[in-house]
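For reference, positions follow the sequence shown, starting with 1.
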Amino acid sequence: MFSKVFKKLFVMVCVVSFTIGLVACGNNPKNTAEESKESVLGAIDVISREDGSGTRGAFTEIVGLIEKDADGNETDLTSPEAVIQNSTDAVMTATANDESAIGYISLGSVNDTIKALKIGGVEASAEDITNGSYPIARPFNVVYKDITPEVEDFLKFMASAEGQKVVEEAGYVANKEVQPYQATNNTASITIAGSTSVAPLMEKLVEAYKAHNTEFKADIQATGSSSGIQAAIDGSAQIGMSSRELKEDEAKQVKKEVIAMDGIAVIVNKANETSDITMEQVRDIFNGKLTDWTEVNGK
């Protein structure tokens with residue numbers, strides 16, 4: 001008798017425990033599609049570039065994150081909570097791995113691992129940079145000090161119809177007023193240093209140039225815009241790459257050529273439902289005034 005009662009009680013306890021377990025699992029936010037979708041609407045993880053980056057210099061200037069005092073001294077208002085990455089690829093990887101992240105990269109580097117946001121309803125595209133409607137755009141510059149005939153020939157190629165075709169095919173804005181290039185059998189070996197944003201385009205330009213000058217060699221070093229400009233100044237590189245405008249003291253020491261126009265894309269994780277933000281929101285996110293995605297999306 002006692003055995004039968006005990007068995008009944010045991011079965012009842014098991015059933016109740018199993019039912020409670022099912023209810024608990026059913027109410028787990030991680031198991032509901034709605035809650036999973038809303039999980040990205042939390043604290044914003046800001047990702048920025050390092051000091052000396054041309055992309056950071058151009059972005060902070062255009063967006064309004066640079067404050068000047070009466071003496072002309074500049075203060076970068078980027079949030080101290082921002083995570084700093086030292087290259088375009090690092091920003092993309094960090095954003096792709098963090099649903100709450102936001103960063104910025106060269107338009108030509110955007111791929112399907114992340115999502116580029118519209119700014120005020122305008123897409124980051126070569127077309128919208130050309131017509132002036134996309135607001136965050138900057139030049140890709142090459143700088144040099146003591147130019148040799150061999151370096152001059154490569155500069156001519158970058159500005160030629162053949163060179164600007166490479167620029168356009170890479171997704172940047174090319175110069176339309178161009179002349180055809182005439183090969184010179186250039187056998188020089190040169191060093192090109194600077195912007196990590198310009199470097200991928202430079203690799204394509206060197207490859208295309210070598211199709212005309214097979215013995216030409218170029219050591220491309222992605223060291224950042226400021227380092228590239230300094231390398232051109234001190235002679236450790238024949239050409240410097242910069243994705244920002246030159247400072248007054250730099251412009252006195254080197255010459256500059258614009259090889260392309262580029263947009264700076266504001267990027268988020270692909271799981272983020274945000275698709276369009278204003279310039280004011282961009283500024284307030286990166287200076288730390290907006291800290292939660294619910295504030296951005298109004299949810």
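- Judged by distance alone, the side chain of Gln253 and the main-chain N or O of Ile233 form no donor-acceptor pair under 3.5 Å.
- Closest approach of Ala218 to Ile192, counting heavy atoms only: CB-CD1, 4.0 Å.
- Neither Leu201 nor Val110 shares a network with the other; the hydrophobic side chains, linked directly or stepwise wherever heavy atoms of I, L, V, M, F, W or Y lie under 4.5 Å apart, form separate groups for each.
- Judged purely by atom type and a 3.5 angstrom limit, Ser225 uses its side chain to pair as donor or acceptor with the backbone of Ser243.
- Judged by distance alone, the side chain of Gln281 and the main-chain N or O of Thr278 form a donor-acceptor pair under 3.5 Å.
- Within the structure, salt bridge (charged side-chain N to carboxylate O under 4.0 Å, His left out) contacts touching residues 132-154 (residues at least two apart or in different chains) are Arg138-Asp262.
- Nearest approach of Ser160 to Tyr181, heavy atoms of both residues: OG-CB, 3.5 Å.
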Step by step, work out the salt bridge (Lys or Arg N to Asp or Glu O under 4.0 Å) result for Glu168 and Lys176. CA-CA 10 Å; Glu168 189 168 19; Lys176 302 300 182 183; 3.2 Å; yes
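- In the hydrophobic cluster analysis, where Ile, Leu, Val, Met, Phe, Trp and Tyr join through side-chain heavy atoms closer than 4.5 angstrom, Phe157 is grouped together with Leu155.
- Counting only residues at least two apart or on different chains, no salt bridge (charged side-chain N to carboxylate O under 4.0 Å, His left out) pair has a member in residues 219-233.
- Thr274 and Asn297 are linked by a side-chain donor-acceptor pair at a separation below 3.5 angstrom, with hydrogens and angles left out of the test.
- Considering only residues two or more places apart in sequence or on other chains, Phe216 meets the ring pair (Phe, Tyr, Trp, His ring centres under 6.0 Å) condition with Phe154, Tyr209.
- Without hydrogens or angle criteria, Asp276 side chain to Gly121 main chain gives a donor-acceptor distance under 3.5 Å.
- The closest side-chain heavy-atom distance from Ile136 to Met279 is below 4.5 Å.
- The main-chain N or O of Gly194 is found under 3.5 Å from a side-chain atom of Thr223 such that the two form a donor-acceptor pair.
- Judged purely by atom type and a 3.5 angstrom limit, Asn272 has no side-chain atom pairing as donor or acceptor with the backbone of Val268.
- For residues 77-106, the set of pairs meeting the ring pair (Phe, Tyr, Trp, His ring centres under 6.0 Å) definition, not counting sequence neighbours, comprises Phe59-Tyr104, Tyr104-Phe286.
- Under the 4.5 Å side-chain criterion, counting only non-hydrogen atoms from C-beta, Val142 is in contact with Met158.
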Would you sort out whether Thr196 and Arg49 count as a side-chain hydrogen bond (donor to acceptor under 3.5 Å, both in side chains), showing the intermediate values? CA-CA 11 Å; Thr196 64; Arg49 288 292 304 276; 3.1 Å; yes
Yes or no on side chain to side chain contact (heavy atoms under 4.5 Å, CB included) for Thr148 and Gln238, after CA distance, side-chain angles and deciding distance? CA-CA 9 Å; Thr148 64; Gln238 285 72 48; 5.9 Å; no
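- Annotation for Tyr134 and Gly263: closest pair CE2-CA, 4.5 Å, computed over non-hydrogen atoms.
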Under the criterion side chain to side chain contact (heavy atoms under 4.5 Å, CB included), I'd like the reasoning laid out for Leu290 against Val296: C-alpha separation, chi angles, the key distance, then a yes or no. CA-CA 7 Å; Leu290 283 178; Val296 178; 4.2 Å; yes
Would Asp45 and Val83 count as a side chain to side chain contact (heavy atoms under 4.5 Å, CB included) here? Give the steps. CA-CA 8 Å; Asp45 296 333; Val83 175; over 6 Å; no
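- The two atoms that bring Asn213 and Asn185 nearest to each other are OD1-N, 2.8 Å, heavy atoms only.
- The closest side-chain donor-acceptor pair between Ser87 and Asp89, if any, does not fall under 3.5 angstrom.
- Across Ala199 and Ile220, no two heavy atoms sit closer than the pair CB-CG2, 4.4 Å.
- Pairs of residues two or more places apart, or lying in two chains, that qualify as salt bridge (charged side-chain N to carboxylate O under 4.0 Å, His left out) and include a residue from residues 230-247 are Arg244-Glu250, Glu245-Lys256.
- Looking at Thr78 and Asp76, their side chains do bring a donor and an acceptor atom within 3.5 Å of each other.
- When atom types are taken as modelled, the side chain of Glu74 and the backbone of Lys68 share no donor-acceptor pair closer than 3.5 angstrom.
- Listed for the Thr214 side chain is no donor-acceptor partner under 3.5 Å among the backbone atoms of Lys210.
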Working note: Asp128 + Ser133, criterion side-chain hydrogen bond (donor to acceptor under 3.5 Å, both in side chains); need CA distance, chi angles, decisive distance, verdict. CA-CA 5 Å; Asp128 288 326; Ser133 59; 3.2 Å; yes
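- Although no hydrogens or angles enter the test, the distance criterion places a donor-acceptor pair under 3.5 Å between the side chain of Gln164 and the main chain of Ile259.
- Formation of a donor-acceptor pair under 3.5 Å by the Thr191 side chain with backbone atoms of Ala237 is not found in this model.
- Listed here is the closest heavy atom pair of Ala96 and Thr113: CB-O, 3.6 Å.
- Linking ILVMFWY side-chain heavy atoms closer than 4.5 Å, directly or via other members, places Phe140 and Ile129 in two distinct hydrophobic clusters.
- Ser106 and Ser197 share no donor-acceptor pair across their side chains, judged by distance under 3.5 Å alone.
- Note on residues 108-127: no pairs pass salt bridge (charged side-chain N to carboxylate O under 4.0 Å, His left out), not counting sequence neighbours.
- Counting only heavy atoms from C-beta outward, the side chains of Val151 and Ile239 approach each other to under 4.5 Å.
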